[in-house]
Amino acid sequence: MVHNSLSGKKELFEPLHEGYVGMYVCGPTVYSNVHLGNCRTFMSFDMIFRYLRHLGYKVRYVRNITDAGHLEDDADQGEDKIAKKARLEQIEPMEVVQRYTVDFHNILEKFNFLPPSIEPTATGHIVEQIEIIKVILDKGYAYEKNGSVYFDVVKFNSDHEYGKLSGRKLEDMIANTRELTAQDEKKNPQDFALWKRAEPQHIMRWPSPWGEGFPGWHLECTVMSTKYLGETFDIHGGGMDLKFPHHECEIAQAEASNDVSPVRYWLHANMLTLNGKKMAKSTGNNLLPHEIFTGDNPTLSKAYTASVVRFFMMQAHYTSILDLSDDALLAAEKGYNRLMDALDLLGNLNTGKQSDMDVAAWKQRCYDAMNDDFNSPVLIAQLFEAVKTINLVNDGKASLTQEDLAVLTEVMNAFVFDVLGLETRTGAGVESNKLEGVVGLLIELRNAARANKDYATSDRIRDELAAMGIQLKDGKEGTTFSI
RNA sequence: GGCAUCGUGGCCGAGUGGCUAGGCACAGCUCUGCAAAAGCUUGUACAGCGGUUCGAAUCCGCUCGAUGCCUCCA
């Protein structure tokens with residue numbers, strides 16, 4: 001079952017071709033550092049991609065990079081975002097693209113994203129974009145004006161339905177349009193650009209039948225999705241904010257050129273807010289992904305690992321608004337640690353003659369959760385049911401048969417690592433090995449002091465390490481530490 | 001102003017017509033030289049007001065509030 005934005009309901013998911021899934025997700029416009037909310041969207045689809053693969057589907061996952069054509073405002077009067085940034089920073093447009101594409105990939109790698117099957121760029125598909133504009137022009141759903149080509153929304157709406165995805169009616173939109181200045185070229189304010197004439201100072205430009213220019217936003221997604229997935233494909237994803245106008249325009253372009261509705265299931269990931277408010281650079285209520293890893297932001301009390309953030313995001317359903325705050329991350333970190341502690345125990349549990357847990361039923365509940373519109377929070381609740389059992393078995397208060405433990409281990413690993421994409425807490429690296437040695441020595445000294453009842457010394461070691469942020473944990477099998 | 005989504009216990013966050021979500025925090029217990037850590041146990045909430053129903057957090061209506069889009073932002 002998936003939630004289809006087109007119908008507003010949960011529908012049974014049936015791929016177009018049995019065993020295969022085509023999925024397209026609107027990628028970033030690479031003109032600045034990737035937005036944390038954007039990361040959440042991609043993480044949701046990464047989880048969906050992972051789960052579909054886990055179920056055995058052969059998935060072709062296409063996520064584009066928009067490196068041209070995203071105009072500054074939807075009145076289509078603005079300037080290409082990338083060109084603008086390049087001008088401001090006095091560098092080549094492709095230098096901007098390169099810099100932020102690399103940043104995007106770095107951040108996603110930290111979050112343990114699976115790479116998509118294809119990651120096409122808008123600039124790599126200028127020819128295809130020009131071709132589709134010709135088709136739309138031929139069919140009469142677009143018009144050229146002074147070297148620019150606009151999509152004729154009113155014409156399209158006369159024999160198609162514009163606004164069906166976002167629940168808007170063209171008449172309402174016309175009634176609510178503000179007066180915009182310099183709206184001379186478009187027949188209607190709702191029309192959007194397929195091709196924009198490049199002004200003389202514009203540095204991103206390509207030749208076309210209508211003169212030198214650059215493609216309009218929306219078009220690259222239509223072109224690249226149909227090129228790699230076909231005229232109709234299974235899943236189209238993106239952030240909720242792209243529902244209108246971007247996805248609406250994609251539907252219009254595809255229907256105008258191919259006469260078929262392009263997407264069977266529209267999936268929209270909801271927004272991420274920060275401390276209850278939307279993130280915006282202008283208000284300072286903003287948090288960059290790398291600032292979470294360093295803790296270098298006024299809203300955070302400390303740094304968090306990528307897996308903790310990922311766990312935090314997976315604890316909310318992808319269609320719900322999620323509010324990020326320091327308290328919420330702190331809580332998520334503890335829950336994540338508890339999950340990982342249990343996973344560590346899994347390898348050396350004693351098995352018994354009977355099981356105090358119905359592992360088969362539990363496994364089914366895990367799949368039921370994910371089959372219900374990828375309900376990762378319910379899945380996590382189930383995983384914690386297993387954590388409880390693991391801890392009880394570890395304490396000798398419950399038992400599992402060898403077979404059940406094997407199933408439990410397999411299912412836990414599959415969901416935690418393969419589907420949710422979490423990673424273990426690794427302190428790998430030379431520096432941390434040294435640190436481990438040093439702290440290990442201090443632990444030895446402290447335990448020696450404790451054996452001698454020299455508590456002044458033992459407490460001094462413990463408390464001073466604590467002051468440095470290193471916490472000692474006395475367990476049954478000895479003392480461990482965490483930072 | 002229009003459209004959309006949503007308002008759940010101290011906090012985060014599932015559920016969506018009758019049966020304990022889960023995590024964090026708090027409390028109690030176990031463990032411990034004392035702690036911390038860890039483990040176990042407990043906690044009965046659904047914005048407000050009406051309505052439908054044998055029964056509503058869950059459906060309908062209204063009010064209030066939030067978030068998103070409509071205008072750059074995922």
Side-chain angles (χ1 to χ4, degrees), chain A residues 5 8 25-29 31-32 34-42 44 70-75 78-79 81 84 163 165-169 172-173 175-178 180 189-190 237-246 248 268-273 276-282 286 311-312 315-317 319-325 327-339 341-342 345 365 369 372 375-385 387-388 390-392 394-395 397-398 450-451 453-455 458-459 462-463 466 471-476 479-482:
Chain A
S5 303
V25 172
C26 293
T29 302
Y31 68 103
S32 66
V34 62
H35 193 284
L36 189 61
N38 212 168
C39 289
R40 185 196 177 200
T41 297
F42 298 139
S44 298
H70 199 157
L71 292 162
E72 269 295 292
D73 61 63
D74 258 24
E79 184 176 7
K81 274 186 179 177
K84 181 183 181 186
L165 178 66
S166 54
R168 283 158 212 259
K169 297 222 175 339
D172 295 346
M173 287 161 58
N176 284 310
T177 305
R178 291 184 313 181
L180 289 166
Q190 284 71 35
M240 196 74 100
D241 53 338
L242 294 178
K243 208 168 172 180
F244 186 89
H246 183 58
E248 210 67 78
H268 284 101
N270 217 137
M271 302 293 107
L272 180 72
T273 56
K277 299 242 163 56
K278 78 161 176 170
M279 284 195 217
K281 282 172 208 161
S282 52
N286 195 39
F311 177 80
F312 165 72
Q315 261 191 312
H317 189 78
T319 57
S320 297
I321 293 171
L322 174 63
D323 185 47
L324 186 140
S325 64
D327 285 346
L329 283 174
L330 234 28
E333 183 174 55
K334 296 205 173 158
Y336 164 79
N337 282 331
R338 193 156 162 250
L339 181 65
D341 284 343
L345 291 173
R365 287 197 299 274
D372 185 11
N375 201 324
S376 57
V378 169
L379 169 68
I380 289 173
Q382 288 304 324
L383 297 181
F384 275 103
E385 293 301 319
V387 166
K388 187 182 279 185
I390 290 166
N391 287 328
L392 284 171
N394 186 239
D395 286 355
K397 291 173 183 162
R450 290 170 73 200
K453 295 198 190 303
D454 179 8
Y455 296 124
S458 68
D459 287 356
R462 177 227 284 162
D463 296 341
Q471 184 189 44
L472 299 184
K473 302 177 182 179
D474 295 332
K476 279 209 178 76
T479 304
T480 56
F481 71 96
S482 66

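Just so we're on the same page: letters track the sequence lines, and every chain starts at 1.
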Fill in the blank from the handout: The residue, A:Thr273 or A:Phe42, whose nearest nucleotide of RNA chain B is more 5′ is A:Thr273
Handout entry: Heavy-atom closest pair, residues A:Gly238 and A:Thr41
Key = C-CG2, 3.7 Å
Handout entry: Closest heavy-atom pair and its distance - A:Asn38, A:Pro28
Key = OD1-CB, 3.9 Å
What protein N or O atoms touch nucleotides 39-41 of chain B N or O atoms at under 3.5 angstrom, if any, and at what distances?
| unit_1 | atom_1 | unit_2 | atom_2 | d |
| --- | --- | --- | --- | --- |
| B:G39 | OP1 | A:Arg338 | NE | 3.4 |
| B:G39 | O2' | A:Asp395 | OD2 | 2.7 |
| B:C40 | OP2 | A:Arg338 | NH2 | 3.4 |

Practice task
Provide the closest heavy-atom pair for A:Ala316 versus A:Ser376 in the form atom of the first, atom of the second, distance.
Solution key: O-OG, 3.7 Å
Exercise for the section: Using the P atom as the reference point in each nucleotide, state the distance between B:C54 and B:C49 in Å, no decimals. Expected result: 23 Å
Exercise for the section: Please state the P separation for the pair B:C24 and B:C34 - nearest whole angstrom. Expected result: 26 Å
Problem - Pairing nucleotide - B:U53, Watson-Crick or G-U, each distance under 3.5 Å - result: none
Handout entry: Inter-nucleotide C1' distance (B:U44, B:G22), Å rounded
Key = 15 Å
Practice task
Mind calculating the distance between CD (A:Gln382) and P (B:G23) to the nearest angstrom?
Solution key: 11 Å
Problem - Gap between atoms CZ and P, on A:Phe244 and B:C3 respectively (whole Å) - result: 14 Å
Problem - Atom pair distance, as rounded to whole Å: CG in A:Asn375 and P in B:G13 - result: 14 Å
Problem - Distance between P atoms of B:C46 and B:G10 (Å, rounded) - result: 9 Å
Practice task
Indicate the atoms forming the closest heavy-atom contact of A:Met271 with A:Gly239, along with that distance.
Solution key: CE-C, 4.3 Å
Handout entry: Pairwise C1' distance for B:G15 and B:C26, with rounding to whole Å
Key = 25 Å
Problem - Atom-pair distance (CG on A:Asp454; C1' on B:C34), nearest Å - result: 14 Å
Exercise for the section: Could you check A:Asp323 against A:Thr273 for side-chain hydrogen bond (donor to acceptor under 3.5 Å, both in side chains), going step by step and ending with a plain yes or no? Expected result: CA-CA 5 Å; A:Asp323 185 47; A:Thr273 56; 2.8 Å; yes
Exercise for the section: Name the closest nucleotide to the A:Phe312 side chain, picking from B:C70, B:C12, B:A21. Expected result: B:C12
Handout entry: Nucleotide of B:G23, B:A74, B:A14 approaching A:Ala316 most closely (side-chain heavy atoms)
Key = B:A14
Practice task
Looking only at side-chain atoms of A:Tyr31, point me to the closest of B:G23, B:C73, B:A21.
Solution key: B:C73
Fill in the blank from the handout: From CG of A:Asp463 across to P of B:C34 the rounded distance in Å is 16 Å
Problem - Rounded distance (Å) that lies between atom C1' of B:U67 and atom CD1 of A:Ile321 - result: 4 Å
Practice task
Could you work out which one of B:U32, B:C69, B:G13 sits closest to the side chain of A:Arg450?
Solution key: B:U32
Handout entry: Interatomic distance where CG belongs to A:Asn270 and C1' belongs to B:C6 [whole Å]
Key = 9 Å
Practice task
Kindly point out which of B:G13, B:A74, B:A4 is positioned nearest to the side chain of A:Lys243?
Solution key: B:A4
Handout entry: Whole-angstrom distance between B:A21 and B:A45, as gauged at atom C1'
Key = 13 Å
Exercise for the section: Determine the contact category for A:Leu339: base if any of its heavy atoms lies under 4.0 Å from a base atom, sugar-phosphate if only primed atoms, P, OP1 or OP2 are that close, otherwise nothing. Expected result: nothing
Practice task
With heavy atoms under 4.0 Å as the rule, sort A:Met240 into base, sugar-phosphate or nothing.
Solution key: nothing
Practice task
State whether the distance check finds a donor on one side and an acceptor on the other, under 3.5 Å, for side chain A:Arg40 versus base B:A74.
Solution key: no
Exercise for the section: Keeping the roles fixed (side chain from A:Arg365, backbone from A:Val378), state whether a donor-acceptor pair exists under 3.5 Å. Expected result: no
Exercise for the section: Decide yes or no, distance alone: a donor-acceptor N/O pair under 3.5 angstrom between the base of B:G33 and the side-chain of A:Asp459. Expected result: yes
Practice task
Report yes if some heavy atom in the side chain of A:Leu339 is under 4.5 Å from a heavy atom in the side chain of A:Val387; otherwise report no.
Solution key: yes
Problem - Pairing partner of B:G1 (Watson-Crick or G-U wobble, both distances under 3.5 Å) - result: B:C70
Completion exercise
By nearest-heavy-atom nucleotide on RNA chain B, the more 5' of A:Leu36 and A:Tyr336 is A:Tyr336
Handout entry: B:C40 versus B:G33 - spacing of their P atoms, nearest Å
Key = 22 Å
Problem - Face-to-face stacking of A:Tyr455 with B:G33, centres under 5.5 angstrom, angle under 30° - result: yes
Handout entry: B:A14 phosphate, OP1 or OP2, under 4.0 Å from A:Ser320 side-chain N/O
Key = yes
Problem - P gap between B:G1 and B:U63, integer Å - result: 12 Å
Completion exercise
Residues A:Gly335 and A:Phe384: closest non-hydrogen pair is O-CZ, 3.3 Å
Exercise for the section: Please check if the side chain of A:Asn337 supplies one atom and the backbone of A:Glu333 the other of a donor-acceptor pair under 3.5 Å. Expected result: yes
Fill in the blank from the handout: pair_partner(B:U16), Watson-Crick or wobble, both distances < 3.5 Å, evaluates to none
Exercise for the section: Find the partner of B:A35: check Watson-Crick (N1-N3 plus N6-O4 or O6-N4) and G-U wobble (N1-O2, O6-N3) distances, both under 3.5 Å, and reply none if neither fits. Expected result: none
Practice task
Any strand is fair game: report the nucleotide pairing with B:G9 by Watson-Crick or G-U wobble, both distances under 3.5 Å, or none.
Solution key: none
Problem - Separation of B:U32 P from A:Leu472 CG (nearest whole Å) - result: 18 Å
Completion exercise
Ranking B:G13, B:A35, B:A74 by distance to the side chain of A:Arg462, first place goes to B:A35
Completion exercise
Which of B:U67, B:C24, B:G13 is nearest the side chain of A:Lys334? It is B:C24
Exercise for the section: Using a strict 4.0 Å threshold on nitrogen-to-oxygen distance, state whether A:Arg338 and A:Asp341 make a salt bridge. Expected result: no
Exercise for the section: Please work out if A:Glu385 contacts a base, only the sugar-phosphate, or nothing of the nucleic acid, heavy-atom cut-off 4.0 Å. Expected result: sugar-phosphate
